[in-house]
Amino acid sequence: MSSKTDDTDQRTGPRHVAIIMDGNGRWAQGQGKPRLFGHHAGVKRVKEIVRASPDHGVKYLTVFAFSTENWKRTQAEVSGLMKLFRRYIASEARDLLAEGVRVRFIGDRLQLDAKLRRVMDEIELLTSGNDRVHLTVALNYGGRDELGRATKRLAREVAEGRLSPDAVDETTLARFLDTCFLPDPDLVIRTSGEARISNFLLWQSAYAEYEFVNTLWPDFDATEFARVLAGYGKRERRFGAVPA
Ligand code: FPP
């Protein structure tokens, strides 16, 4: 799907919000605590923002939980994060189901631990009938990695004669992306004062609005979320066209 053709109404807020949840480590270190303490605090905010989303008409929420580059962190932090993901997914499944949340993942799962992959598969299946809010968790996700994997699959279709090279255009390529089930993000928020996109939704964010906020992710609450969404409503999105 493309937001160039969808019915997003910016006056009533973004339909798809994507978030780079940055600053957990600094938040913890600022309190003299280990970095993982910040990631645990970050999970609480994920829950809060998921719950607040339908109140603002946000139907799709995509969060960047672990990038293809995050493997470069210490082994202790990586394994702590993986354990946190598994525990969070398993322990929240029933509540997410009851709250109408449909959970899906993007990223390369093949490198993830089998036990984590199992809870991911289970929650996707369990919540597959939900439609109130769509939570997509980017886990072992990188935009370039996604484009590489998509291109490989597309090339295979061509090599095996199922797709003509002449039929390949941007719509075709989008069908091979991890996000093929999602509309493009209308708004990308990054917390912690860093103004970069860190390989997140590179293709999909071509026409997204960006909001960089100074707040560290564990302090980003529903009130600040509402403030950022209100700011989005004042922007004029033109998608390359001249204003009417
Ligand atoms: C970036 O902060 C944050 C992460 C790499 C992890 C984010 C993960 C969560 C909030 C848990 C979400 C879990 C689920 C299942 C949705 P940082 O560590 O880079 O912080 P720093 O820039 O201050 O070092």
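We count ligands from 1, going down the list as the structure has it; atoms in each ligand are counted the same way. All heavy atoms count here, side chains included; hydrogens, waters and symmetry mates do not.
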Suppose we measure from atom 1 (C) of ligand 1 to each protein heavy atom; which comes out shortest, and what is that distance? Met21 O, 3.1 Å
Could you tell me, atom by atom, which parts of ligand 1 come under 4.0 Å of a heavy atom of Arg26? 21 (P), 22 (O), 23 (O)
Side-chain donor-acceptor pair present, Arg190, Ser198, cut-off under 3.5 Å: yes
Could you check whether any side-chain N or O of Asp108 sits under 3.5 Å from a backbone N or O of Asn140, counting only pairs where one atom can act as donor and the other as acceptor? no
By number and element, which atoms of ligand 1 are closer than 4.0 Å to a non-hydrogen atom of Val43? 11 (C)
Could you give me the CA-CA distance, side-chain angles and deciding distance for Asp184 and Tyr207, then say whether side-chain contact (heavy atoms from CB on, under 4.5 Å) is met? CA-CA 8 Å; Asp184 286 344; Tyr207 281 95; over 6 Å; no
Any carboxylate oxygen within less than 4.0 angstrom of a Lys/Arg side-chain nitrogen, looking at Glu48 and Arg51? no
Which of the numbered atoms in ligand 1 are below 4.0 angstrom from a heavy atom of Asn70? 5 (C)
Looking at Pro218, Ala65, Gly25, Ser192, the heavy atom closest to atom 6 (C) of ligand 1 belongs to Ala65
If we ignore hydrogens and angles and just use 3.5 Å, is the side chain of Arg117 paired with the main-chain N or O of Leu112 as donor and acceptor? yes
Yes or no: does Arg35 have any heavy atom under 4.0 Å from an atom of ligand 1? yes
Among protein heavy atoms, which lies nearest atom 15 (C) of ligand 1, and at what distance? Tyr88 CD2, 3.1 Å
Identify the protein heavy atom lying closest to atom 10 (C) of ligand 1, giving its residue, its atom name and the separation to 0.1 Å. Asn24 ND2, 3.4 Å
Residue, atom name and distance, where the atom is the protein heavy atom closest to atom 4 (C) of ligand 1: His39 CE1, 3.8 Å
Of all the heavy atoms in Phe85, does at least one lie under 4.0 Å from an atom in ligand 1? yes
What atoms in ligand 1 come closer than 4.0 Å to a heavy atom of Arg73? 5 (C), 17 (P), 18 (O), 19 (O)
Heavy-atom proximity to atom 2 (O) of ligand 1 ranks first, among Ser67, Gly38, Gly23, for Gly23
Check: Arg26 side chain, Ser192 main-chain N or O, donor-acceptor pair, under 3.5 Å: yes
Can Glu146 and Arg149 be counted as an ion pair, charged N to O under 4.0 angstrom? no
Which heavy atom in Leu173 sits nearest to a heavy atom in Trp203, and how many Å separate them? CD2-CZ3, 3.5 Å
